[in-house]
Peer 1: 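Here it is: the structure, laid out below.
Labels below follow one simple rule: chain letters A, B, ... track the order of the sequence lines, proteins then strands, and each chain is numbered from 1.
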Protein chains: 2
Amino acid sequence: MKNQIPTATALMNPGCNQCSLSKLCIPIAVNSEDIDRLDEIISRGRVLERGERIFEQDAPFTSCYAVRSGAVKTYTLSSDGEEQVTGFYLPGEVIGLDSIHMNQYSGTATALERTRVCEIPLGQLDEIADEIPGLQHHFMHLMSQEIRDSRQLTLLLSKKTAEERIASLLLSLSSRFSRRRLSGTEYRLPMPRSDIGNFLGLAVETISRVLTRFQNQGLVKVRGRDVEILSLEGLKGLLSHETECKRTSA
Amino acid sequence: MKNQIPTATALMNPGCNQCSLSKLCIPIAVNSEDIDRLDEIISRGRVLERGERIFEQDAPFTSCYAVRSGAVKTYTLSSDGEEQVTGFYLPGEVIGLDSIHMNQYSGTATALERTRVCEIPLGQLDEIADEIPGLQHHFMHLMSQEIRDSRQLTLLLSKKTAEERIASLLLSLSSRFSRRRLSGTEYRLPMPRSDIGNFLGLAVETISRVLTRFQNQGLVKVRGRDVEILSLEGLKGLLSHETECKRTSA
DNA sequence: CGTACAGTTGAGGAGATTCAATCATCGTGG
DNA sequence: CCACGATGATTGAATCTCCTCAACTGTACG
């Protein structure tokens with residue numbers, strides 16, 4: 001019966017083999033046999049409503065999570081209680097990497113909208129790491145990526161203007177939606193302006209102002225959270241233009 | 001003869017067993033047998049003068065490096081050619097973690113002063129990772145740490161004032177010198193103001209101004225690169241004070 | 001239909017940057 | 001040994017970007 005009539009949850013949540021995101025989430029060159037083994041330790045289909053937490057800061061670390069659908073933000077609470085948004089995660093992306101082999105989660109992850117995640121318990125992953133040698137490598141790769149993204153963000157925050165930061169975010173989202181074969185020029189922001197501002201180190205008012213400025217320049221069309229990028233080139237031009245301007249004026 | 005008369009370099013560069021930094025650099029619970037094995041793959045004692053490069057951005061990744069003495073800065077060159085300092089590394093700290101299991105180095109590392117490093121070739125490390133299981137974990141741990149540090153920096157850059165950033169750097173250096181049993185209240189900055197400014201996202205002039213302000217407040221005594229911290233508490237107080245001010249004025 | 005929340009817009013102000021000049025430090029060569 | 005240039009560091013004045021405060025608009029939802 002197990003073979004003939006899949007349960008409802010199994011239908012909703014096929015294994016990694018069937019998952020359309022597997023190329024993004026675990027894109028290691030493992031044979032299907034290994035993927036099957038992976039399937040055994042990954043629990044799929046946890047559904048979260050907006051605002052629900054996937055894991056909480058300082059809770060004992062157990063698992064990373066792959067986003068299947070929806071969107072997630074991660075943030076840390078500093079000692080004085082202020083929130084710092086550390087990242088937004090779309091389907092196919094993995095959360096909790098920065099807590100691997102630490103005792104506890106370094107931040108909190110909450111769903112920005114209705115979200116499904118796959119849990120990847122890392123205690124067990126260690127055990128089978130020997131059997132699937134590529135896996136440990138892959139996670140190190142993901143962690144390297146995470147460090148680089150963070151460095152990228154650091155550069156953004158330390159040297160770039162409000163316009164550059166926002167253009168950069170719009171483009172980042174664009175390319176990440178594209179990777180999922182969704183439109184890279186027309187999408188809906190999963191997060192409120194306040195989260196964007198927190199993430200980019202800008203006031204919400206500044207987000208608004210810059211977005212309308214972009215709109216007046218014909219770069220984008222924005223209505224609330226709906227974004228349509230009219231000129232990818234124009235946005236990209238903003239990123240590197242800054243230095244050119246300085247050079248020409250100097 | 002090899003056994004009886006150690007070479008000069010061997011005297012200068014004892015193995016991990018003898019290294020006073022081993023507790024910081026590779027503080028894994030490995031038995032001395034494992035450390036010996038580690039010794040075999042780590043080449044010690046490469047000496048670099050100020051300005052010399054340890055590795056270069058986009059060069060094929062081969063090794064991480066542990067700083068033995070001196071100081072190192074890492075930076076990336078963005079597409080438009082501007083430099084972004086991504087970190088400072090003191091003895092006992094490991095460079096290149098963000099490039100593990102990537103094809104190439106994500107940035108350049110250069111010596112800020114005369115510096116000795118140990119090379120940790122990671123191709124070979126993989127091979128013996130099975131024999132020393134703690135090692136792979138340890139590197140993941142270091143990488144997690146790196147991500148967190150980067151997040152911390154992100155918070156610093158996106159939400160903190162110039163005073164907070166600089167106080168934070170002074171305190172970070174203080175605690176890192178302390179870990180090495182050096183004075184945490186009196187040390188010499190290994191980097192010029194321009195690197196500090198680049199790292200913290202501030203103009204050099206701002207660094208100067210804030211440092212003299214600190215000095216006038218009796219928090220530190222600064223003469224060029226020599227720093228004496230007169231009130232650790234005072235500096236720490238600056239870090240969380242910001243929000244309190246806002247709250248009281250609101 | 002009104003309340004709550006998210007987003008936009010405007011005016012004023014604070015903090016950091018930029019530009020420019022000065023001062024200090026250090027290694028170099030006369 | 002000292003003068004010299006070069007680089008690094010400091011200080012001042014003007015400017016600018018972004019923040020804060022405030023009012024207002026739109027939208028979702030009871």
Peer 1: Who pairs with B:E119 by salt bridge (charged side-chain N to carboxylate O under 4.0 Å, His left out), at least two apart in sequence or on another chain?
Peer 2: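 Scan of B:E119 (salt bridge (charged side-chain N to carboxylate O under 4.0 Å, His left out), adjacent residues dropped) gives none.
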
Peer 1: Hey, can you pull the residues of residues 210-226 of chain A with a non-hydrogen atom under 4.0 angstrom from DNA chain D?
Peer 2: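 Within residues 210-226 of chain A, the residues near DNA chain D are A:R223.
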
Peer 1: Tell me, which of residues 184-198 of chain B have any heavy atom that sits under 4.0 Å from an atom in DNA chain C?
Peer 2: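 Heavy-atom cutoff 4.0 Å gives no residues at all.
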
Peer 1: Kindly write out the residues that satisfy salt bridge (charged side-chain N to carboxylate O under 4.0 Å, His left out) with A:E83, not counting sequence neighbours, or none if the list is empty.
Peer 2: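 Testing A:E83 for salt bridge (charged side-chain N to carboxylate O under 4.0 Å, His left out), a comparison that skips the adjacent residues, returns A:K73.
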
Peer 1: For residues 226-235 of chain B, which side-chain N or O atoms pair as donor and acceptor with protein atoms under 3.5 Å away, sequence neighbours left out?
Peer 2:
unit_1, atom_1, unit_2, atom_2, d
B:D226, OD1, B:R188, NH1, 3.2
B:D226, OD2, B:R188, NH1, 3.3
B:S231, OG, B:G234, N, 2.8

Peer 1: So which pairs with a foot in residues 50-65 of chain B pass salt bridge (charged side-chain N to carboxylate O under 4.0 Å, His left out), sequence neighbours left out?
Peer 2: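 Non-adjacent pairs meeting salt bridge (charged side-chain N to carboxylate O under 4.0 Å, His left out): B:R53-B:E56.
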
Peer 1: Rounded to whole angstrom units, what separation is found between the CG atom of A:L202 and the P atom of C:dG7?
Peer 2: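 About 15 Å, once rounded to whole Å.
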
Peer 1: All N/O contacts under 3.5 Å from nucleotides 10-15 of chain C to the protein, with atom names and distances to one decimal?
Peer 2:
unit_1, atom_1, unit_2, atom_2, d
C:dG10, N7, A:R209, NH1, 2.8
C:dG10, O6, A:R209, NH2, 3.3

Peer 1: Not counting sequence neighbours, which residues clear ring-ring contact (aromatic ring centres under 6.0 Å, His included) with B:F55? List them please.
Peer 2: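 Result, ring-ring contact (aromatic ring centres under 6.0 Å, His included) vs B:F55: B:Y65, B:Y105.
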
Peer 1: Given atom CZ of B:R50 and atom C1' of D:dA6, what is their separation to the nearest angstrom?
Peer 2: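 B:R50 atom CZ is separated from D:dA6 atom C1' by 12 Å.
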
Peer 1: How close or far is atom P of C:dA16 from atom NZ of B:K160, stated in whole angstroms?
Peer 2: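 Whole-Å distance recorded here is 13 Å.
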
Peer 1: Suppose we screen for salt bridge (charged side-chain N to carboxylate O under 4.0 Å, His left out). Which residues come up paired with A:R209, at least two apart in sequence or across chains?
Peer 2: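 None.
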
Peer 1: In degrees rounded to 10°, what angle is found between the helical axes fit to the five outermost pairs at each end of the helix from C:dC1-D:dG30 to C:dG30-D:dC1?
Peer 2: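 Comparing the axis at each end, I get an angle of 30°.
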
Peer 1: Quick one: list whatever passes salt bridge (charged side-chain N to carboxylate O under 4.0 Å, His left out) with B:R225, sequence neighbours left out.
Peer 2: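 Salt bridge (charged side-chain N to carboxylate O under 4.0 Å, His left out) list for B:R225, sorted by chain: empty.
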
Peer 1: Tell me: NZ of A:K159 to C1' of C:dA16, nearest whole Å?
Peer 2: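 Rounding to the nearest Å, NZ of A:K159 and C1' of C:dA16 are 14 Å apart.
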
Peer 1: Over all strands shown, is B:I207 touching base, sugar-phosphate only, or nothing at heavy-atom distances under 4.0 angstrom?
Peer 2: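 Counting heavy atoms under 4.0 Å across all strands, no contact is made by B:I207.
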
Peer 1: Between A:T206 and D:dC19, does any side-chain N or O lie under 4.0 Å from OP1 or OP2?
Peer 2: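 Looking at the OP1 and OP2 atoms of D:dC19, one of them is under 4.0 Å from a side-chain N or O of A:T206.
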
Peer 1: Are the side chain of A:S178 and the backbone N or O of A:R181 linked by a donor-acceptor pair below 3.5 Å?
Peer 2: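 Answer holds: no.
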
Peer 1: Verify whether one side chain among B:S175 and B:R179 offers a donor that lies under 3.5 Å from an acceptor in the other.
Peer 2: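 Judged by distance alone, the side chains do not pair up.
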
Peer 1: Just verifying a value: how many Å separate A:E164 CD and A:L157 CG, rounded to the nearest 0.5 Å?
Peer 2: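 Rounded to the nearest 0.5 Å, the CD-CG separation comes out at 12.0 Å.
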
Peer 1: Expressed in angstrom and rounded to an integer, what is the separation of A:L157 atom CG from D:dT17 atom P?
Peer 2: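 Distance check: A:L157 CG to D:dT17 P gives 19 Å.
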
Peer 1: The criterion is ring-ring contact (aromatic ring centres under 6.0 Å, His included); which residues satisfy it with B:Y75, sequence neighbours excluded?
Peer 2: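 B:Y75: no ring-ring contact (aromatic ring centres under 6.0 Å, His included) contacts found.
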
Peer 1: Assess whether a salt bridge exists between A:K160 and B:E82, defined as any Lys/Arg side-chain N lying under 4.0 Å from an Asp/Glu carboxylate O.
Peer 2: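 Salt bridge between A:K160 and B:E82, a charged N being under 4.0 Å from a carboxylate O: yes.
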
Peer 1: Does the side chain of B:R176 pick up a donor-acceptor pair with the side chain of B:S172 at under 3.5 Å?
Peer 2: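 Yes - a donor-acceptor pair under 3.5 Å links their side chains.
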
